[in-house]
Amino acid sequence: MTFGEGGQFEGGRVRTSRGGKVAVGGGIGALVVAVLAIVLNQSGNGDLANVLQGVAGGSGQQAEQGVVGDCTAEQANEQRDCRLSATLQALDAYWADELPAQGAQFAQPAAEAFQGQTTTGCGAASASTGPFYCPPDQTIYLDLGFYDVLQSQFGAEGGPLAEMYVTAHEYGHHIQNLTGVMDRAQRQGTGAESDSVRVELQADCYAGMWVGSAATEVDPDTGVTFLEPITADQLQQALSAAEAVGDDHIQQQSGGGVNPDSWTHGSSEQRQRWFTTGYEQGTLAACDTFATDDL
């Protein structure tokens, strides 16, 4: 899935931060942070904040602040920071139309691409955290190096649409925040049928909704569609990323047994299936994971 020729994306949509080193102990402490961060990534829940605040400590160095500048479609297809900015602008346009049609008021989330560490409304975050959405400050946080970890440690195929899927998933959490799902759900629980899993699978479904429509969504600033039509190989990139962050797959990769009682995000099969549901059906109603007994 590539951005269409002639696309232009204004700078300033994504702020950047390059912080100091995070003090994390070695051995089992560092391993726990790395595994928990991947398991809890994209949730933006209190558990994530507690883990980060309890383990990560700053070096006291002042972070360097900036923004991602103007990007062409060619740059968005080649550079991760431009791709993030362009993806967010495509998501902005999609949800600005979709959400009011469902009776909810739309507002854009903020976004930060950081290196090292950063301070968020959910606590301190480091490169080990992985992408997540923080409801208190309505901001998506990503360390772009996470995508390399997703490939090297968790076996994802990688590729542009895999990265876009992650961004769209986090954006899905923002939509849940706007519609009140975040407040209504009991997000501290665990288990295959828990509200935590339902929240995550719904965000996967919302990501699929956007992917399914992005090739027809016209950028109001340029008059051209944001993205070229998706290919089967590109769709597989997103499905591979969804598989890689399934709870059962992560538990297997960490060397332990599969324990559905501890799940917070859902299995690889569930994450792929709900993404596909959003991609194929394209409605909020189809993505209501709280209205089904069959996750």
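Quick caveat: nothing in here was measured; it's all calculated off a predicted structure.
- Contact check for T292 versus R198: side-chain heavy atoms found under the 4.5 Å cut-off.
- Considering CG of L178 and CD of Q102, their distance stands at 13.5 Å, rounded to 0.5 Å.
- With hydrogens and angles ignored, the 3.5 Å screen pairs a side-chain donor or acceptor of N77 with a backbone N or O of A73.
- Closest heavy-atom contact between A192 and V197: O-CG1, 3.7 Å.
- Here D137 contributes atom CG and T119 contributes atom OG1; the two are 10.5 Å apart, rounded to the nearest 0.5 Å.
- Proximity of Q176 to V199: side-chain heavy atoms (C-beta onward) are separated by under 4.5 Å at one or more points.
- Side-chain atoms of R83 come within 3.5 Å of backbone atoms of A76 as a donor-acceptor pair (strictly under, hydrogens ignored).
- Side-chain atoms of Q252 and V258, non-hydrogen and from C-beta on, do get closer than 4.5 Å to each other.
- Checked by atom type, the side-chain pair Q251/W263 shows a donor-acceptor distance below 3.5 Å.
- Between the side chain of D195 and the backbone N or O of A185 there is no donor-acceptor pair closer than 3.5 Å.
- Closest approach of E112 and T139 over heavy atoms only: N-CG2, 4.2 Å.
- At a threshold of 4.5 Å between side-chain heavy atoms, the hydrophobic network of Ile, Leu, Val, Met, Phe, Trp and Tyr places Y171 and V14 in one connected group.
- When all heavy atoms of A244 and A156 are compared, the pair lying nearest together is CB-CB, 3.8 Å.
- You'll find the side chain of V68 stays beyond 4.5 Å of the side chain of F9, heavy atoms only.
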Report task. Decide yes or no on side chain to side chain contact (heavy atoms under 4.5 Å, CB included) for W210 and I175, but give the supporting numbers first. Result -> CA-CA 12 Å; W210 171 73; I175 299 304; over 6 Å; no
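- Residues P131 and E170 approach most closely at O-OE2, 3.5 Å, considering heavy atoms.
- F114 contributes atom CZ, which lies 8.5 Å from atom OG of S17 (distance to the nearest 0.5 angstrom).
- Between T129 and S126, the closest side-chain pair of non-hydrogen atoms falls below 4.5 Å.
- For E78, the CD atom sits in a packed shell: over 12 heavy atoms of surrounding residues, nucleotides or ligands are nearer than 6.0 Å.
- L84 and L227 fall within the same hydrophobic cluster, where Ile, Leu, Val, Met, Phe, Trp and Tyr residues are linked whenever their side-chain heavy atoms come under 4.5 Å apart, directly or through other members.
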Report task. Could you please spell out the steps behind the side chain to side chain contact (heavy atoms under 4.5 Å, CB included) verdict for V181 and Q202? Result -> CA-CA 10 Å; V181 170; Q202 187 175 68; 3.7 Å; yes
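- The one candidate from D81, D92, D70 that meets the salt bridge (Lys or Arg N to Asp or Glu O under 4.0 Å) condition with R13 is D92.
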Query - Steps toward side chain to side chain contact (heavy atoms under 4.5 Å, CB included) verdict (E74, E5) - result: CA-CA 7 Å; E74 181 179 5; E5 184 178 352; over 6 Å; no
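- Under the 3.5 Å distance criterion, the side-chain polar atoms of T277 are matched with a main-chain donor or acceptor of R273.
- Taking each heavy atom of P109 and I140 in turn, the nearest pair found is CG-CD1, 4.1 Å.
- With sequence neighbours left out, the side chain to side chain donor-acceptor pair (under 3.5 Å) criterion links Q270 to S267.
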Report task. Just do the side chain to side chain contact (heavy atoms under 4.5 Å, CB included) check on F146 and E163 with the steps written out, would you? Result -> CA-CA 9 Å; F146 166 77; E163 298 178 14; over 6 Å; no
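- At a threshold of 4.5 Å between non-hydrogen side-chain atoms, the residues H169 and Y206 do not count as touching.
- For the 3.5 Å distance criterion, the side chains of H174 and Q108 fail to qualify, holding no donor opposite an acceptor.
- No side-chain heavy atom of F106 sits less than 4.5 Å from a side-chain heavy atom of D97.
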Query raised in the report: Where do S85 and Q89 land on the side-chain hydrogen bond (donor to acceptor under 3.5 Å, both in side chains) test, with the steps shown first?
Result: CA-CA 6 Å; S85 178; Q89 292 180 53; 3.1 Å; yes
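- A continuous path of ILVMFWY side-chain contacts below 4.5 Å connects W95 to F275, so both sit in one hydrophobic cluster.
- Ring to ring, F226 and Y94 are not that close: their centroids are 6.0 angstrom or more apart.
- Although no hydrogens or angles enter the test, the distance criterion places a donor-acceptor pair under 3.5 Å between the side chain of S196 and the main chain of G189.
- Taking the side chain as every heavy atom from C-beta outward, T72 and Q75 approach each other to under 4.5 Å.
- Residue E64 holds its CD atom at 9.5 Å from CD of Q115, rounded to the nearest 0.5 Å.
- Classification of the F132-Y141 ring pair by plane angle, with boundaries at 30° and 60°, yields parallel.
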Distance-only criterion, 3.5 Å: show the donor-acceptor pairs between side-chain atoms of residues 278-288 and protein atoms not counting sequence neighbours.
{"from": "T283", "atom 1": "OG1", "to": "A286", "atom 2": "N", "distance (Å)": "3.1"}
{"from": "D288", "atom 1": "OD1", "to": "F290", "atom 2": "N", "distance (Å)": "3.1"}
{"from": "D288", "atom 1": "OD1", "to": "A291", "atom 2": "N", "distance (Å)": "3.4"}

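- For E269, the CD atom sits in a packed shell: over 12 heavy atoms of surrounding residues, nucleotides or ligands are nearer than 6.0 Å.
- Hydrophobic clustering (side-chain heavy atoms under 4.5 Å, transitive across Ile, Leu, Val, Met, Phe, Trp, Tyr) groups L99 together with L91.
- Taking both residues in full, the closest heavy atoms of T179 and A104 are given as CG2-CB, 4.2 Å, listed atom of the first, atom of the second, then distance.
- Between the CG atom in L239 and the CG atom in L161 there is a gap of 8.5 Å [rounded to 0.5 Å].
- Distance check: R18 CZ to T118 OG1 gives 13.0 Å after rounding to the nearest 0.5 Å.
- Among D247, D204, D248, the one residue that satisfies the side chain to side chain donor-acceptor pair (under 3.5 Å) test with R271 is D204.
- Linking Ile, Leu, Val, Met, Phe, Trp and Tyr residues whenever their side-chain heavy atoms come within less than 4.5 Å leaves M164 and V218 in two separate clusters.
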